[in-house]
Amino acid sequence: MVKKVPGGGYQDIFNCSPATILVMDVDAPYYTILDVNEAYLTATNSTREELLGKSVFGAFPANPTDEESKNIERTIFSFEQAIQTKKPHTMYNYRYDIPIRGTGEFEERWWTTTNTPILDENGEVSYFIHSPENVTLLYKLSEREKAGVEALKNQRKQLYSTFMQAPVGIAIFKGPEYVVELINPPLCELYGQSLEGMLGKPVFEVLTHAKGLGFEQLIDKVRITGEPFKGQGLAAPIYRNGKVETVYLDFVYEPFREDDGTISGVIAVATEVTEQIYAKQQLEEAEERARLAVDAVGLGTFDLNLETGEMITSNQFANIFGFEEPVPRDEYVKVFHQDDRGLRSAAHAEAPGSGRLFYEARVIWPDTSIHWVRVEGKVYYDADGDSNRILGTLLDITEQKKAKEALAESEALLRSITSAAPACLWMSDENGLITYINQTWIDWTGKPYEEHLGFKWAESIIDDDRATATAKFLTDLAKRVLYEAEFRIDHVDGTKHWCVATGRPQYGNDNKFLGYIGACVDITEQKYLQQQKDDFIGIASHELKTPVTSLKAYTQVLERMLLKKGEAKEADMIGRMDAQLNRLTTLIGDLLDVTKINSGKLQFNNQQFNFNTHLDELIEDLQRTTSKHTITKNFAPDITVYGDRDRIGQVITNLITNAIKYSPQANKIIVYTAVENDEVTLCVQDFGIGIAKKNLDKVFEQFYRVSGEMQHTFPGLGLGLYISSEIIKREGGRIWVTSEEGCGSTFCFALPLKNLNKS
């Protein structure tokens, strides 16, 4: 016997189903919610009372955090399709965010929803089932995968472009036949071949003149053993200009490895150095002639006959050995320091074979003082090729040795000092490549010294900050100006640390740029303290706002009561108290704005508004606050701008209020506007105390106030101009001030019309 589900069992199944189900009427345009199961309530953070009997669009209005999506239109279309076709209709991957209970925030969600019509006995749609599935994780994984594939494609293109544009010749030879799989133009030019003539062909079939010269064995060894080969200044035959030429090359053979590590070919990197080799040979010959000529002037000279052992020396040669005049060779040999005699004998023994005599040794003078000498000579041969004499020079290098030892000690001391420094110290060359980093940076990052040289230092910066920090460095390097940047690094302790790096340009005596010398300081603790301060200000401001609002309400009620009783004096005192509360409210508002700015949560509600009309309203209200000053207006024709009307008004109010405050002895303030270069500009000019030139660049900083005796004359926290500056920046504009101490100030801001005007 088949067991039947009890009468109320289907409702239990409906509520216990893991699938999210919403049952709706077909009463367009309302689509009233008839029933909902527990899975749907959980998925949408809703309650049954909030949904039953309500229009689905009343319960779920347009996406509150994604105004660009057309989800309402898409949903209505899906409902209509399900009703008209009497078949299920599915909407894929649309966004609708869900509120987080207990907060004013929303959680991002992506859905795929099926609307299934339910037909009555006449085949008409009686109601339909709305069943959304949360696909947020799948959607984001898909998007990340797409982004990764695109990044991989771009990286491949960039690598190929770099390969083809490299200033040195590069090629990849595959297989035992060394077929040219890839080759760039510089190497084709070096080989005297075209790209088409090289690609897809065994390299030695194209370069036939290079066969049998040992290159095949070299490249075979690299492919078979995996050991790279590096050749410098090696001669190679190249067929070009219609003939075979002998050229000199610097080249490297590296094994080409597949993803699984197997070696399938060889990478060749080659640069022609023929001109350098020829130039070096000519230079060596010229240096030889010049050195012998120069050494013969002011130096000790000698002529040693290798067959007889007889040596002819100059007077200065004898003086360097401590003798007043030349002496026999044996006498010179006797004064060599006992520990250096073996070194001297070895140098003389090697000279006939090498063609050159060179050594440094100590000699002891008759007064027992020790001197260092450098002996250099060239071996000359007779017609049979036998060595028969050495001509050379002698130099006293005692002072050089002392200076070198002192320099070594100084360098060792400097390295000890820099290694013990709590800050990271660094140096770069004229190209911005790091040439020195002290132990502190190594301790911070946990990476060895070599991994920070060149541009590798940036690899220790976290991904989010690396591009900004390196771009700033390259920009300052190009301008030869002071480098300063803040960034975070992956510290060896497993946390992220904040650092501020600075570098000062260095110049030589010829005013040539040499690079940077700089320092990097760990400011994590300062950042933490700053965050604590911002958090404290934010919490304190919020806590103060509620009682101040209540106090203001009470004072206003009390003022009206006193006026009603005819107690004008007492009412006036309450009015003054209300004015002070207004001032306190403004200060609290400034503190709240600062915390929002620092946390990136300052909200903007942009809309179109008439700029001049808004100005008139603000100036009319502000004129009532001062009986001494006349606010004069000089406006450009009406302008409709797109921006946050209240925030821009907050900036204007602050500038005019400051003009009133800081011009107590003046009686006029001028407000004027202009439109040019696709910008609307507003300026507020006062004739007050002005600002010293040295302080002009500080007025838009947090907590900056007038210094000196006037600090208490003009109260405030010094936040208004900072907030104004941040508002204007976030609206895409700029703000500045011109001033002369004792003559007044003019504060201006400009907003770009191309970003503000919207059709």
Side-chain angles (χ1 to χ4, degrees), residues 14-24 28-29 31 33 35-48 50-51 54-85 87-118 127-158 462-467 496 599-601 603-604 606:
F14 172 78
N15 282 324
C16 294
S17 172
T20 56
I21 302 174
L22 188 71
V23 181
M24 292 190 297
Y31 299 104
I33 299 172
D35 204 352
V36 60
N37 72 346
E38 293 299 326
Y40 188 95
L41 295 175
T42 300
T44 59
N45 285 344
S46 305
T47 64
R48 190 175 299 276
E50 293 173 341
L51 303 183
K54 306 287 180 59
S55 166
V56 69
F57 299 119
F60 299 102
N63 195 343
T65 55
D66 183 21
E67 298 177 356
E68 294 180 1
S69 298
K70 302 296 183 181
N71 294 328
I72 297 297
E73 291 84 350
R74 291 182 64 188
T75 302
I76 292 173
F77 175 79
S78 181
F79 289 173
E80 292 174 348
Q81 288 295 303
I83 294 171
Q84 292 172 8
T85 64
K87 295 180 181 179
H89 185 271
T90 302
M91 296 189 300
Y92 296 96
N93 296 336
Y94 69 96
R95 179 178 173 182
Y96 192 89
D97 298 340
I98 298 303
I100 301 174
R101 289 190 176 279
T103 73
E105 300 177 351
F106 290 79
E107 181 181 353
E108 181 181 339
R109 292 281 181 88
W110 291 82
W111 308 87
T112 290
T113 299
T114 300
N115 295 304
T116 305
I118 305 299
Y127 55 90
F128 60 91
I129 296 173
H130 178 74
S131 181
E133 180 184 358
N134 184 356
V135 295
T136 305
L137 182 59
L138 291 175
Y139 177 83
K140 290 188 175 181
L141 285 173
S142 174
E143 290 301 303
R144 282 199 291 271
E145 184 177 0
K146 290 178 185 177
V149 170
E150 189 62 28
L152 204 56
K153 290 180 180 178
N154 291 335
Q155 186 181 32
R156 187 178 181 86
K157 290 179 182 178
Q158 186 176 7
I462 70 169
D463 294 344
D464 292 344
D465 297 350
R466 187 179 302 134
K496 300 187 187 306
S599 63
K601 296 180 180 179
Q603 297 295 320
F604 288 84
N606 291 339

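Given the structure is predicted, the values throughout are model-derived calculations rather than measurements.
- For the atom pair CD (E50) and CG (N45), the distance works out to 9.5 Å, reported to the nearest 0.5 Å.
- Rounding to the nearest 0.5 Å places NZ of K87 at 13.5 Å from OG1 of T116.
- Closest heavy-atom contact between F128 and P117: CB-CA, 3.5 Å.
- Taking each heavy atom of Y31 and E80 in turn, the nearest pair found is OH-CG, 4.1 Å.
- Under the 30°/60° scheme for interplanar angles, the aromatic rings of F77 and H89 are found to stand perpendicular.
- Residues satisfying the salt bridge (charged side-chain N to carboxylate O under 4.0 Å, His left out) criterion with K54, sequence neighbours excluded, are absent altogether.
- Nearest approach of M24 to Y127, heavy atoms of both residues: O-CB, 3.1 Å.
- Look at K146 and E143 and you find a salt bridge, because one of the NZ, NE, NH1 or NH2 atoms lies within 4.0 Å of a carboxylate O, short of that distance.
- If you check the side chains of T75 and Y94, you find no donor sitting under 3.5 Å from an acceptor.
- Annotation for F57: atom CZ counts as buried by contact number, over 12 foreign heavy atoms lying within 6.0 Å.
- Closest non-hydrogen pair, P132 versus H130, comes out as CD-O, 3.5 Å.
- A heavy-atom distance below 4.5 Å is found between the side chains of L51 and L41.
- Between the side chain of R109 and the backbone N or O of T44 there is no donor-acceptor pair closer than 3.5 Å.
- A donor-acceptor pair shorter than 3.5 Å cannot be found between the side chains of N37 and S17.
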- [ ] Please report the C-alpha distance between N93 and T112 in whole Å, then the side-chain angles of each, then the deciding distance to 0.1 Å, and finally whether the side chain to side chain contact (heavy atoms under 4.5 Å, CB included) criterion is met.
- [x] CA-CA 5 Å; N93 296 336; T112 290; 3.6 Å; yes
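- Looking at heavy atoms from C-beta onward, Y40 lies out of side-chain contact with I21 at the 4.5 angstrom threshold.
- For W110 (side chain) and K140 (main-chain N/O), no donor-acceptor pair under 3.5 Å exists by modelled atom type.
- The two atoms that bring N115 and A82 nearest to each other are O-CB, 3.6 Å, heavy atoms only.
- In this structure, OH on Y139 lies 8.5 Å from CD on E108, to the nearest 0.5 angstrom.
- Using modelled atom types, one side-chain atom of S131 and one backbone atom of T20 make a donor-acceptor pair closer than 3.5 Å.
- The shortest non-hydrogen separation linking D35 to R48 is OD1-NH1, 3.3 Å.
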